[in-house]
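Shown next, in structure tokens, is the structure this report addresses.
Note that the numbering runs from 1 along the sequence shown for the chain.
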Amino acid sequence: WVLMHPLKQGGIALATSIAAAISFFQLVIMFQKRNGALDWIKFHKSLIRILIASAVMCFVCLIALQMFGFDADKSIALKAAALFGTIGVGILVYLAMTLVLRMDEVSFLKRFLPFNKDKT
């Protein structure tokens, strides 16, 4: 509420981000108390890969919005189609980047796919 007045909707977004960061640090502290210290080197390597994949996805989504012709003057149906098309492209690009960067999280998630025969 304090940030909403000077920053308007940006204040709401900033407050949400601050609350998420505080929650993250609280959860890290609780996790470490229960399970021991985290491997921070592995965490930082993973974070860098996530940031790279996200940056590539962001760049491609901006280009996709231009290509799909997302414009305020268009009808709601055309804007929705452009938006959902861009979201689809963004998902595919991010997944491709996770494979290119050989992110450990992808191999972890592959174990839970229904058609995966190797569930070890």
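- Under the 4.5 Å side-chain criterion, counting only non-hydrogen atoms from C-beta, Ile87 is in contact with Phe84.
- For the pair Thr16 (side chain) and Ile12 (backbone), a donor-acceptor distance under 3.5 Å is present.
- The structure places CG of Leu47 at 14.5 Å from NZ of Lys42, a figure rounded to the nearest 0.5 Å.
- Using a 4.5 Å cut-off between side-chain heavy atoms of Ile, Leu, Val, Met, Phe, Trp and Tyr, with links allowed through other members, Leu99 and Met57 fall into the same hydrophobic cluster.
- Put simply, the residue from Val56, Val89, Ile50 that forms a side chain to side chain contact (heavy atoms under 4.5 Å, CB included) with Tyr94 is Ile50.
- The side-chain heavy atoms of Phe43 and Ile48, taken from C-beta on, include no pair separated by under 4.5 Å.
- Under the 30°/60° scheme for interplanar angles, the aromatic rings of Trp40 and His44 are found to be tilted.
- Separating the CD atom in Gln66 from the OG1 atom in Thr86 is a distance of 10.0 Å, to the nearest 0.5 Å.
- A distance of 11.5 Å separates CG in Leu78 from CG in Asp73, rounded to the nearest 0.5 Å.
- Atom OG of Ser46 sits about 10.5 Å away from atom CG of Asp39, to the nearest 0.5 Å.
- Side chains of Thr98 and Glu105: a donor-acceptor N/O pair is absent below 3.5 angstrom, by distance only.
- Residues Leu38 and Gln32 form a side-chain contact, since some pair of their non-hydrogen atoms from C-beta on lies under 4.5 Å apart.
- Residues Leu27 and Ile22 fall into different hydrophobic clusters, defined by Ile, Leu, Val, Met, Phe, Trp and Tyr side chains chained together at heavy-atom separations under 4.5 Å.
- Residues Ile63 and Val60 are members of separate hydrophobic clusters, defined by side-chain heavy-atom contacts under 4.5 angstrom among Ile, Leu, Val, Met, Phe, Trp and Tyr.
- Heavy atoms only, all atoms of each residue included: Cys61 and Gly90 are closest at SG-CA, 3.6 Å.
- A continuous path of hydrophobic side-chain contacts links Leu7 to Ile18 [ILVMFWY only; heavy atoms under 4.5 Å].
- Scanning all heavy atoms of the two residues, the minimum distance from Phe68 to Gly85 falls at CE1-C, 3.4 Å.
- With hydrogens and angles disregarded, a donor-acceptor distance shorter than 3.5 Å links the side chain of Ser17 to the backbone of Ala13.
- A continuous path of ILVMFWY side-chain contacts below 4.5 Å connects Ile52 to Met103, so both sit in one hydrophobic cluster.
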